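Bear in mind the structure is a predicted one, so any value in this text is a computation, not a measurement.
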Amino acid sequence: MSEHHGPAGLVIFDCDGVLVDSERLNVRTWRRMTTDLGLDLSDEDVVHTFVGKAYADNRVRLTELVGRDLDPAWERRFRAEFRASHAELEIIPGARHALEACVADGLEVCVASGSMRQALEYKLEATGLAGLLPPSARFSSEEVERGKPEPDVFLLAARTTGHDPPGASSPRTASPGSPPVGRPGCGSSATSPT
């Protein structure tokens with residue numbers, strides 16, 4: 001058990017779908033870009049297959065689905081589409097208040113995300129949440145071997161901030177509109193953002 005001298009506890013927030021309303025944008029982009037590859041996926045298919053997971057894992061799955069390596073030009077367009085969609089980012093109603101309330105209650109807060117680090121930074125800046133979550137309180141799936149849905153990025157956040165994972169709480173969603181889910185080693189203590 002690690003020794004921690006600071007806030008009484010830790011709340012690890014997921015970014016997409018909990019703090020930032022980006023999942024609807026991600027679904028739209030994934031559908032458009034997978035259609036370009038000849039795939040016919042529904043919103044539900046996209047959510048189940050790609051949303052909330054690390055791009056490295058999604059890239060492997062996408063290569064399997066299309067049966068060939070991805071064209072580098074397609075990947076550049078894909079990244080550009082995602083960046084362009086982020087112009088429409090909005091904060092989840094109540095997210096700022098939840099972060100502020102946790103801090104006011106003496107809890108430490110951080111964010112753990114399946115997003116790439118650069119995308120996570122942009123989302124927090126664009127929605128005005130960066131000031132509540134300093135760089136040392138931001139964790140990306142790029143920092144762990146296994147991305148979401150595995151709990152590794154959440155466990156990293158807990159360990160790095162000096163908290164034992166069973167004492168950490170993680171408000172997050174499994175997919176757009178679903179209630180938060182807990183994973184082994186991380187409790188869950190929030191209501192659905194919808």
Side-chain angles (χ1 to χ4, degrees), residues 12-95 111-124 126-127 139-155 170-186 188 190-194:
I12 304 168
F13 286 86
D14 193 351
C15 184
D16 301 300
V18 174
L19 296 176
V20 177
D21 185 14
S22 55
E23 289 186 346
R24 66 185 167 78
L25 305 173
N26 293 346
V27 168
R28 184 181 69 200
T29 302
W30 272 109
R31 287 219 40 212
R32 183 172 32 243
M33 295 306 293
T34 55
T35 298
D36 286 352
L37 292 173
L39 299 174
D40 182 22
L41 302 176
S42 67
D43 285 356
E44 185 177 300
D45 294 334
V46 167
V47 168
H48 176 74
T49 307
F50 301 112
V51 174
K53 297 176 182 150
Y55 180 71
D57 297 328
N58 284 337
R59 188 177 191 282
V60 169
R61 182 67 183 126
L62 192 54
T63 299
E64 292 169 354
L65 289 172
V66 298
R68 64 184 183 278
D69 288 339
L70 299 176
D71 179 352
W74 179 90
E75 288 195 272
R76 284 191 297 277
R77 284 193 316 277
F78 180 72
R79 288 191 181 102
E81 286 273 339
F82 262 95
R83 280 190 299 274
S85 77
H86 287 165
E88 300 175 48
L89 281 175
E90 296 177 2
I91 189 170
I92 294 282
V111 60
S113 177
S115 295
M116 297 174 81
R117 182 69 180 218
Q118 184 178 7
L120 173 61
E121 301 291 342
Y122 177 82
K123 291 171 191 178
L124 295 175
T127 57
F139 301 89
S140 164
S141 64
E142 287 181 302
E143 300 171 66
V144 294
E145 185 175 328
R146 300 178 308 165
K148 289 170 45 186
E150 298 302 324
D152 298 17
V153 70
F154 295 93
L155 298 173
S170 176
R172 63 188 191 127
T173 58
S175 61
S178 70
V181 294
R183 293 289 298 201
C186 287
S188 180
T191 58
S192 176
T194 57

What closest approach, in Å, do E142 and Q118 show between heavy atoms, and which atom pair accounts for it?
OE1-N, 4.5 Å

Please enumerate all residues that pass side-chain contact (heavy atoms from CB on, under 4.5 Å) together with E44, with sequence neighbours excluded.
S42

Distance (rounded to the nearest 0.5 Å) between C15 SG and L120 CG
5.0 Å

Heavy-atom distance under 4.5 Å between the side chains of V111 and I12, does that happen here?
no

With sequence neighbours excluded, what pairs up with E143 under the side-chain contact (heavy atoms from CB on, under 4.5 Å) test?
R117, F139, S140, L156

Could you state the interatomic distance from CG (L39) to CZ (R31), rounded to the nearest 0.5 Å?
11.5 Å

Do T63 and R68 touch side chain to side chain, with heavy atoms closer than 4.5 Å?
no

Side chain to side chain contact (heavy atoms under 4.5 Å, CB included) between D21 and L89, worked out:
CA-CA 6 Å; D21 185 14; L89 281 175; over 6 Å; no

Could you please spell out the steps behind the side chain to side chain contact (heavy atoms under 4.5 Å, CB included) verdict for T35 and D40?
CA-CA 6 Å; T35 298; D40 182 22; 5.8 Å; no

Supply the atom-to-atom distance D43 CG to E23 CD, rounded to the nearest 0.5 angstrom.
12.0 Å

Only counting residues at least two apart or in another chain, list the ones meeting ring pair (Phe, Tyr, Trp, His ring centres under 6.0 Å) with F78.
W30, Y55, W74, F82

Applying side chain to side chain contact (heavy atoms under 4.5 Å, CB included) to D36 and M33, what does each step give before you reach the verdict?
CA-CA 5 Å; D36 286 352; M33 295 306 293; 3.9 Å; yes

Indicate the atoms forming the closest heavy-atom contact of T127 with I91, along with that distance.
CG2-N, 4.0 Å

Is the side chain of N58 donor-acceptor paired with the backbone N or O of F50 at a distance under 3.5 Å, no angle test?
yes

Sequence neighbours excluded, which residues qualify as side-chain contact (heavy atoms from CB on, under 4.5 Å) partners of D57?
A54

Please say which of L37, T34, T49 ends up in a side chain to side chain contact (heavy atoms under 4.5 Å, CB included) with L65.
T49

Between atom NE2 of H86 and atom CG of L25, what is the distance when rounded to the nearest 0.5 Å?
6.5 Å

A quick test of your reading: do over 12 heavy atoms of other residues, nucleotides or ligands sit less than 6.0 Å from CD of E64?
yes

For residues 79-92, the salt bridge (Lys or Arg N to Asp or Glu O under 4.0 Å) pairs (sequence neighbours left out) are R28-E88, R32-E81

E75 atom CD: more than 12 heavy-atom contacts under 6.0 Å:
yes

Would you check if the side chain of S141 reaches a backbone N or O of G114 as a donor-acceptor pair within less than 3.5 Å?
yes

Measure the spacing between CG of D14 and CG of D16 and express it to the nearest 0.5 Å.
6.5 Å

Distance from S22 atom OG to I92 atom CD1, nearest 0.5 Å?
7.5 Å

Does the side chain of K123 pick up a donor-acceptor pair with the side chain of S115 at under 3.5 Å?
yes

According to side-chain contact (heavy atoms from CB on, under 4.5 Å), who are the partners of A87, at least two apart in sequence or on a separate chain?
none

